[in-house]
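Both ligands and their constituent atoms are indexed starting at 1 by order of listing. The chain is numbered in sequence order, starting from 1.
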Amino acid sequence: MSKVRAVITGVGGYVPNYRLTNAELEKMVDTSDEWILQRIGIKERRILKPEEGRGISYLAVKAVEDLKRKHDFDPLSVEAVVFATSTPDYILPNSAALTAYRTGLTRAFCFDIEAACSGFIYALEVAEGFITSGKYKKVLVIAGDILSILANYQDRNTCPIFGDGCGCVMLEATTEEVGMMDSILRSDGSIPEHLHVAAGGSFRPTSHETVDQRQHYIYQEGRVVFKHAVSNMVSVCEEIAKRNNLTGQDIDWIVPHQANLRIIDAVAQRLDVSREKVMINIEKFGNTSAGTIPICLWEWEPRLRKGDNIILTAFGAGFTWGATYLKWGYDPT
Ligand code: UT7
């Protein structure tokens with residue numbers, strides 16, 4: 001009997017309407033368009049304004065509706081919804097259930113996963129396990145964040161980086177030689193303070209004091225995170241390429257987490273993959289955390305061909321990181 005694999009059969013996405021430009025940030029903190037472009041590679045990022053909508057499920061519903069428009073499927077055939085996000089609508093209930101209800105996926109069991117910027121590849125791994133177990137055939141993976149709620153617009157070290165956005169993929173069972181081929185996922189919880197939101201969780205619940213000290217925003221030791229991101233993403237990408245006998249020539253696309261253009265370039269160079277094979281949209285959307293990789297797939301979908309060798313790679317708070325090797329499952333319609 002042929003092996004059952006999990007394959008992506010459709011992609012949806014959505015980014016909010018409002019464009020926060022570098023020029024606007026120049027009025028909020030001591031920064032410049034030139035510095036942000038040179039050091040990070042971002043021109044603008046999308047922000048969900050309350051006038052447009054609220055909560056990550058607002059973006060997720062739009063992304064699932066986009067998927068439904070392009071890839072006709074019966075909402076009742078979806079058996080599970082796995083939603084990677086660090087910015088759920090509520091601490092409870094989970095945003096997967098809210099999104100599933102509002103998009104008619106009422107037969108699915110739903111839960112969220114929190115793995116920061118690596119959330120999408122972690123969620124894919126979980127969903128793949130459901131499918132290769134043989135018990136489930138169709139799982140929706142959603143990933144996205146509203147990082148503008150965690151960005152401190154008085155801190156120039158962090159606020160230019162983040163944006164809002166959400167993507168989703170349908171994962172289905174196949175016996176063809178396409179889909180998820182391999183993955184390496186890692187975590188290191190030894191130095192969480194280098195990239196964290198200090199308050200608002202069970203360790204330090206929100207109080208007047210934590211709000212006064214602005215501890216409900218993201219704090220990041222940029223240089224430390226940068227070094228860990230490059231070395232760890234390169235290491236897992238090299239390992240996954242080696243064990244699947246993939247040279248730079250064999251790789252059709254790298255889909256890196258969009259945190260910094262210099263990190264993306266360093267990873268591509270070490271893998272010997274030219275820039276035109278690397279999905280890059282950080283200049284338009286910034287870092288949408290779990291959303292970056294599915295938003296790239298959503299934008300590039302018309303250019304992907306069945307059988308393309310694709311490496312997804314991410315690094316984020318935790319630290320969490322990893323690489324996933326997949327063969328694309330369909331040609332554009
Ligand atoms: O997605 C999750 C994972 N996150 C990442 O992968 C992010 C990794 N880190 C980074 O991308 C970069 O470290 C940053 C973009 C966060 C910062 O860039 P950097 O080149 O590492 O800058 P730095 O923190 O070393 O700061 C260099 C200088 C400092 O000034 P002094 O002390 O040298 O005078 C900063 O104060 O740049 C200054 N600076 C800024 N200047 C203008 C920091 N932010 C800004 C700014 N505008 N927005």
Peer 1: With side chain to side chain contact (heavy atoms under 4.5 Å, CB included) as the criterion, how do Asp272 and Thr247 come out once you've worked through the C-alpha distance, each side chain's angles and the decisive distance to 0.1 Å?
Peer 2: CA-CA 8 Å; Asp272 194 22; Thr247 64; over 6 Å; no
Peer 1: For atom 25 (O) of ligand 1, what's the nearest protein heavy-atom neighbour? Residue, atom name and distance, please.
Peer 2: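 Going atom by atom, the protein heavy atom closest to atom 25 (O) of ligand 1 ends up being Arg223 NE, 2.4 Å.
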Peer 1: What do the steps show when you test Lys327 against Asn309 for side chain to side chain contact (heavy atoms under 4.5 Å, CB included), and what is the final call?
Peer 2: CA-CA 5 Å; Lys327 275 188 181 291; Asn309 287 316; 3.0 Å; yes
Peer 1: Where do His196 and Phe203 land on the ring-ring contact (aromatic ring centres under 6.0 Å, His included) test, with the steps shown first?
Peer 2: CA-CA 12 Å; His196 72 162; Phe203 183 74; 9.4 Å; no
Peer 1: In the complex you have, is atom 47 (N) of ligand 1 within reach of the protein, judged by whether a heavy-atom distance drops under 4.0 Å?
Peer 2: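 Under the 4.0 Å cut-off, atom 47 (N) of ligand 1 does have protein heavy-atom neighbours.
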Peer 1: Ala259 heavy atoms, cut-off 4.0 Å: which ligand 1 atoms fall inside?
Peer 2: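 So the answer, numbered in order with elements, is 1 (O), 5 (C), 6 (O).
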Peer 1: Which of the atoms of ligand 1 are close to Arg39, meaning less than 4.0 Å from one of its heavy atoms?
Peer 2: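 The atoms of ligand 1 under 4.0 Å from a heavy atom of Arg39 are 20 (O).
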Peer 1: Number the atoms of ligand 1 from 1 as they appear, then name those within less than 4.0 Å of a heavy atom of Pro160, with their elements.
Peer 2: 48 (N)
Peer 1: Please list, chain by chain and in numerical order, all residues satisfying side chain to side chain donor-acceptor pair (under 3.5 Å) with Ser207, sequence neighbours excluded.
Peer 2: none
Peer 1: Using a 4.0 Å cut-off to any heavy atom of Gly222, which atoms of ligand 1 qualify?
Peer 2: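 Atoms satisfying the 4.0 Å criterion: 8 (C), 9 (N), 13 (O), 16 (C).
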Peer 1: Check Val29 against ligand 1 and report side chain, backbone, both or neither, counting heavy atoms closer than 4.0 Å.
Peer 2: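 Neither part.
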Peer 1: Using a strict cut-off of 4.0 Å, indicate which atoms of ligand 1 neighbour a heavy atom of Gln220.
Peer 2: 4 (N), 5 (C), 7 (C), 16 (C)
Peer 1: Please indicate, with yes or no, if any protein heavy atom is found under 4.0 Å from atom 34 (O) of ligand 1?
Peer 2: no
Peer 1: Under 4.0 Å from atom 18 (O) of ligand 1, do we find at least one protein heavy atom?
Peer 2: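 Yes, there is a protein heavy atom closer to it than 4.0 Å.
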Peer 1: Any atoms of ligand 1 less than 4.0 Å from a non-hydrogen atom of Asn157? List them with their elements.
Peer 2: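 Going through ligand 1 atom by atom, the ones under 4.0 Å from Asn157 are 43 (C), 44 (N).
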Peer 1: Which residue and non-hydrogen atom of the protein lie closest to atom 2 (C) of ligand 1, and at what distance in Å?
Peer 2: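 Ranked first by proximity to atom 2 (C) of ligand 1 is Cys117 SG, 3.4 Å.
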Peer 1: Indicate whether the side chain of Arg102 and that of Ser57 have a donor and an acceptor atom separated by less than 3.5 Å.
Peer 2: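 Side chains of Arg102 and Ser57: pair found under 3.5 Å.
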Peer 1: Contact between ligand 1 and Ile161 is defined here as a heavy atom of the residue under 4.0 Å from a ligand atom; is it met?
Peer 2: yes
Peer 1: Establish whether atom 29 (C) of ligand 1 and some protein heavy atom are separated by less than 4.0 angstrom.
Peer 2: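 When distances to the protein are checked, atom 29 (C) of ligand 1 has no heavy atom within 4.0 Å.
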Peer 1: Please state which part of Thr31 comes within less than 4.0 Å of ligand 1, counting heavy atoms only: side chain, backbone, both or neither.
Peer 2: both
Peer 1: Closest approach of Ala127 and Val141, non-hydrogen atoms and distance?
Peer 2: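 Closest approach of Ala127 to Val141, heavy atoms only: CB-CG2, 3.5 Å.
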Peer 1: Taking non-hydrogen atoms only, is Phe226 closer than 4.0 angstrom to ligand 1 via side chain, backbone, both or neither?
Peer 2: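 The part of Phe226 near ligand 1 is both the backbone and the side chain.
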Peer 1: Just need the protein heavy atom nearest to atom 5 (C) of ligand 1, so name the residue and atom and give the distance.
Peer 2: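 In this structure, atom 5 (C) of ligand 1 has Val225 CG1, 3.6 Å as its nearest protein heavy atom.
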Peer 1: Below 4.0 angstrom from a heavy atom of Arg262, which ligand 1 atoms are there? Numbered from 1 as shown, please.
Peer 2: 18 (O), 19 (P), 20 (O)
Peer 1: Taking the side chain as every heavy atom from C-beta outward, state whether Trp328 and Leu326 have any atom pair closer than 4.5 Å.
Peer 2: yes
Peer 1: Cut-off 3.5 Å, side chains only: do Glu65 and Tyr14 have a donor facing an acceptor?
Peer 2: no
Peer 1: Establish whether atom 9 (N) of ligand 1 and some protein heavy atom are separated by less than 4.0 angstrom.
Peer 2: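 It does; a protein heavy atom is within 4.0 Å.
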Peer 1: Which heavy atom of the protein is the closest neighbour of atom 22 (O) of ligand 1, given with residue, atom name and distance?
Peer 2: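 That would be Trp35 CZ2, 3.9 Å.
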Peer 1: Provide the closest heavy-atom pair for Thr320 versus Ser187 in the form atom of the first, atom of the second, distance.
Peer 2: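 That would be CG2-OG, 4.1 Å.
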Peer 1: So Tyr219 and Arg214, side chain to side chain contact (heavy atoms under 4.5 Å, CB included) or not? Walk me through it.
Peer 2: CA-CA 10 Å; Tyr219 173 80; Arg214 305 180 80 74; over 6 Å; no
Peer 1: Can you check whether Arg156 has an N/O within less than 3.5 Å of an N/O in ligand 1?
Peer 2: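 By distance alone, the answer is yes.
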Peer 1: Going by side chain to side chain donor-acceptor pair (under 3.5 Å), name the residues that satisfy it together with Trp253, two or more places apart in sequence or in a different chain.
Peer 2: Asp308
Peer 1: Just which atoms of ligand 1 are under 4.0 Å from any heavy atom in Asn260?
Peer 2: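 Within the 4.0 Å cut-off of Asn260, ligand 1 contributes 10 (C), 11 (O), 12 (C), 15 (C).
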Peer 1: Is it the case that over 12 heavy atoms from other parts of the model lie below 6.0 angstrom from the CZ atom of Arg54?
Peer 2: no
Peer 1: Could you report the tightest heavy-atom contact between Val7 and Gly329, atom names first, then the distance?
Peer 2: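 In this case the closest contact between Val7 and Gly329 is CG2-CA, 3.7 Å.
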